[in-house]
Amino acid sequence: MKLTIYDTLERKKREFEPKNPERVTLYVCGPTVYNYAHIGNARPVVVFDVLYRLLRHIYGEDHVVYARNITDVDDKINKKAMDEGVDISVITNKFADIYNADMAALNALPPTYQPRATDHMPDMVAMIEKLIERKAAYVTDDGEVLFRVADYDAGSGRYGKLSGRSLDDMIAGARVEVAENKDDAADFVLWKPSKRGEPVWPGPRNPETGDVLPGRPGWHIECSAMSEAVLTLPIDIHGGGQDLIFPHHTNEIAQSCATHGHDDPAAYARYWMHNGFLDMSGEKMSKSLGNVVLVHDLTQQYPGEVIRWALLSGHYRSPLNWTTELLEQSRKELDYLYGILLRHENVVAWAPSDEQTREKRESVLLSSLLDDLNISDAKARLFNLKGDEGIDLAHKLEHLANPNVDRTADAAEVAPTAASLVKHDLLLLAKVLGILQTDPEVWFKGGASDDLTAKVEALLVARTEARAAKNWAEADRIRDELNALNIEVMDSPTGATWKLKAGV
RNA sequence: GGCCUGAUGGCGGAGCGGUUACGCAGCGGAUUGCAAAUCCGUGUAGCCCGGUUCGACUCCGGGUCAGGCCUCCA
């Protein structure tokens, strides 16, 4: 199975070849934990979760190492901690826990490592000292340490390669005022003194005086230090939102390469992937527009899997318009798929025992995802699973297993085997997409309390009796009563089942 | 100002130089006591103007419009 991914650095699709197939590494920039995560924060988590699942399938679950950091040093955290008069850890622990719970609700697997900036201060300091030693960074009079961008770039264009800009373009287009302590406008902060009341860590040594510079790290250094500490370099895939291309990832590359004296950005990370943004009715989500949607609130209204499926409805690199309609459509799609699983629980999923045949089937099944995570195309497959090897009459599990479907004798004969194969394919593809992971029964009824369930079951018995007596008026009355309880009744030849209606 | 994306049917959203995307909704039929669910079938497309080609939604050029980044940001 060949995975192809669009590499931001090379601006084209490249076949993925890990440095070491026994230990494939993935690093994704995680949240700054000072508030509830909004739905935009969840997109990279879900997108890269699909990638993580796919890599685990290809290379084996124990051969993929995934790190997603927690940024717990930041001005916004400091402000919030000061406003509330608590230590920053009170804020960061609280929101890191909430974040993890919210992402788990979206069926995102926990990463192998979740390093926190505060746990890696010595790594950052060591890196900064190395950069000073190599003259790639300098100490200012007021105790800041800045990275020399122009020296790193050295006219090669490598600094702006990720964002597709030259250093000159960036300076020409810059709208920021140049801080007077900078030797050059493009230089960025590695370390800076803490303000009064802010947390302070012992920093790098000033080579001039030999003194330790107390303060706190700049934003970019943590990912460079932590990715190296946790994953070792080079990282195979580094991911994040498109907005991180510049400056965050650009500076990460510069720091990490300069630390080790590498010229080639690939010495830090071999492939760069960036997800597109979410639009809110055509507008960017922002606090000033008041259109921020929190994952935490959304999970109160929709199953996490619906939110996940909605986030996966477009290509990961394209903008995605986030609407209520999208959520409703996603719910219907999942209901349909879960309905198939519910109706055909007795069909045994079966994969061909022959290794080669199975491998071949799987690479066809997963081909959409293997092509730079084409989730839309994978979705089409999911809804229209094709049988092969002589099975050309019926395609869907429903069609194959539903006894009401008209079939020729030949098709009927092949149907049970085909259904088992199709069910296996369906479950496998769903697993990689991270959907259909709930018991179908629980999916439809899980939101009902025990009391409600008992009441519904009793009413259904009464209705069955009424129907048996052809007392249609009573049967319909009971159905209306169930409807009022937000219950949808589904009759079938084998008896009535029910589900909790959507939009609770 | 600099850099970069994208424009597909009522809606969401892919691939592809010539043949059905797929999903949601709609419509027709089957099934049902009636519904729902399910099954079968089905209509609707490719921003504008040029060019290349036997043939373009798909390639090239121009235009228009929309969005993103250049500042904290997924």
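Naming: A, B, ... by sequence-line order, numbering from 1 per chain.
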Colleague: Do A:Asp491 side-chain and B:A35 base share a donor-acceptor contact under 3.5 Å?
Modeller: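 For A:Asp491, whose side chain was compared with the base of B:A35, there is a donor-acceptor pair (under 3.5 Å).
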
Colleague: Could you give the distance separating B:G67 and B:G15 at their C1' atoms, to the nearest angstrom?
Modeller: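 Between the two C1' atoms, the distance is 23 Å.
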
Colleague: What are the residues of residues 241-250 of chain A, sorted by number, that bring a heavy atom to within less than 4.0 Å of RNA chain B?
Modeller: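 Heavy-atom contacts with RNA chain B come from A:Gly241, A:Asp243, A:Leu244, A:Phe246.
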
Colleague: Based on Watson-Crick and G-U pairs with both distances under 3.5 Å, what dot-bracket line describes RNA chain B 5' to 3', crossing pairs as [ ] and inter-strand pairs as |?
Modeller: (((((((..(((.....[...))).(((((.......)))))....(((((..]....))))))))))))....

Colleague: Taking the same atom, C1', in B:G18 and in B:G12, what whole-Å distance lies between them?
Modeller: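 To the nearest whole Å, 28 Å.
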
Colleague: Can A:Arg14 be said to sit on top of A:Tyr271's aromatic six-ring, NZ or CZ under 6.0 Å from centre and within 45° of the ring axis?
Modeller: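 Satisfied, under 6.0 Å and within 45°.
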
Colleague: Determine whether the side chains of A:Arg116 and A:Thr71 contain a donor N or O and an acceptor N or O closer than 3.5 Å.
Modeller: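 No, no side-chain donor-acceptor pair sits under 3.5 Å.
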
Colleague: In terms of heavy-atom contacts, does NZ of A:Lys161 have more than 12 from other residues, nucleotides or ligands at under 6.0 Å?
Modeller: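 Yes - once you tally the heavy atoms of other residues, nucleotides and ligands closer than 6.0 Å, there are more than 12.
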
Colleague: When the P atoms of B:C72 and B:G1 are considered, how many whole Å apart are they?
Modeller: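 Nearest-Å result for B:C72 against B:G1 at atom P: 23 Å.
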
Colleague: Mind checking the C1' distance from B:C11 to B:G26? Whole angstroms is fine.
Modeller: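 One C1' to the other, the span is 12 Å.
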
Colleague: Mind checking if A:Glu333 touches a base, just sugar-phosphate, or nothing, with heavy atoms under 4.0 Å?
Modeller: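 Contact class for A:Glu333: sugar-phosphate only.
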
Colleague: In whole angstrom, give me the gap between the C1' atoms of B:U31 and B:C40.
Modeller: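 Straight-line distance between the two C1' atoms is 11 Å.
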
Colleague: May I ask you to verify whether the side chain of A:Asn384 and the base of B:G23 hold a donor-acceptor pair under 3.5 Å?
Modeller: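 Counting by modelled atom types and ignoring angles, no donor-acceptor contact under 3.5 Å is found here.
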
Colleague: Ignoring hydrogens and geometry beyond distance, is the side chain of A:Arg479 in donor-acceptor contact with the base of B:A36 at under 3.5 Å?
Modeller: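 Under the 3.5 Å cut-off, the side chain and the base do not form any donor-acceptor pair.
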
Colleague: When only distance counts, do a donor and an acceptor, one from the side chain of A:Arg165 and one from the base of B:C70, lie under 3.5 Å apart?
Modeller: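 Looking at the base of B:C70, it does not pair with any donor or acceptor on the side chain of A:Arg165 (distance under 3.5 Å).
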
Colleague: Return all side-chain donor-acceptor pairs below 3.5 angstrom for residues 427-438 of chain A, not counting sequence neighbours, or 'none' if the list is empty.
Modeller:
unit_1	atom_1	unit_2	atom_2	d
A:Gln437	NE2	A:Ile435	O	2.7
A:Thr438	OG1	A:Tyr338	OH	3.4

Colleague: Below 30° counts as parallel, above 60° as perpendicular, anything between as tilted: where do the rings of A:Trp272 and A:His238 land?
Modeller: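 It falls in the parallel class, under 30°.
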
Colleague: Do A:Arg68 and A:Phe48 form a cation-pi contact, if we require the NZ or CZ to be under 6.0 Å from the six-membered ring centre and within 45 degrees of the ring's axis?
Modeller: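 No, a cation-pi geometry is absent between A:Arg68 and A:Phe48.
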
Colleague: Of the nucleotides B:C34, B:G12, B:C22, which one has an atom closest to the side chain of A:Phe383?
Modeller: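 My answer, after comparing the listed nucleotides, is B:C22.
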
Colleague: Look at A:Tyr6 and B:U5 and indicate whether a side-chain polar atom (N or O) is within less than 4.0 Å of OP1 or OP2.
Modeller: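 Indeed not, no polar side-chain atom of A:Tyr6 lies that close.
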
Colleague: Expressed as a whole number of Å, how far does the P atom of B:A74 sit from that of B:G61?
Modeller: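 Here B:A74 and B:G61 have their P atoms 36 Å from each other.
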
Colleague: Tell me whether A:Phe277 is stacked on the nucleobase of B:A74, counting only the six-membered base ring and applying the 5.5 Å and 30° thresholds.
Modeller: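 One would call A:Phe277 stacked on the B:A74 base.
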
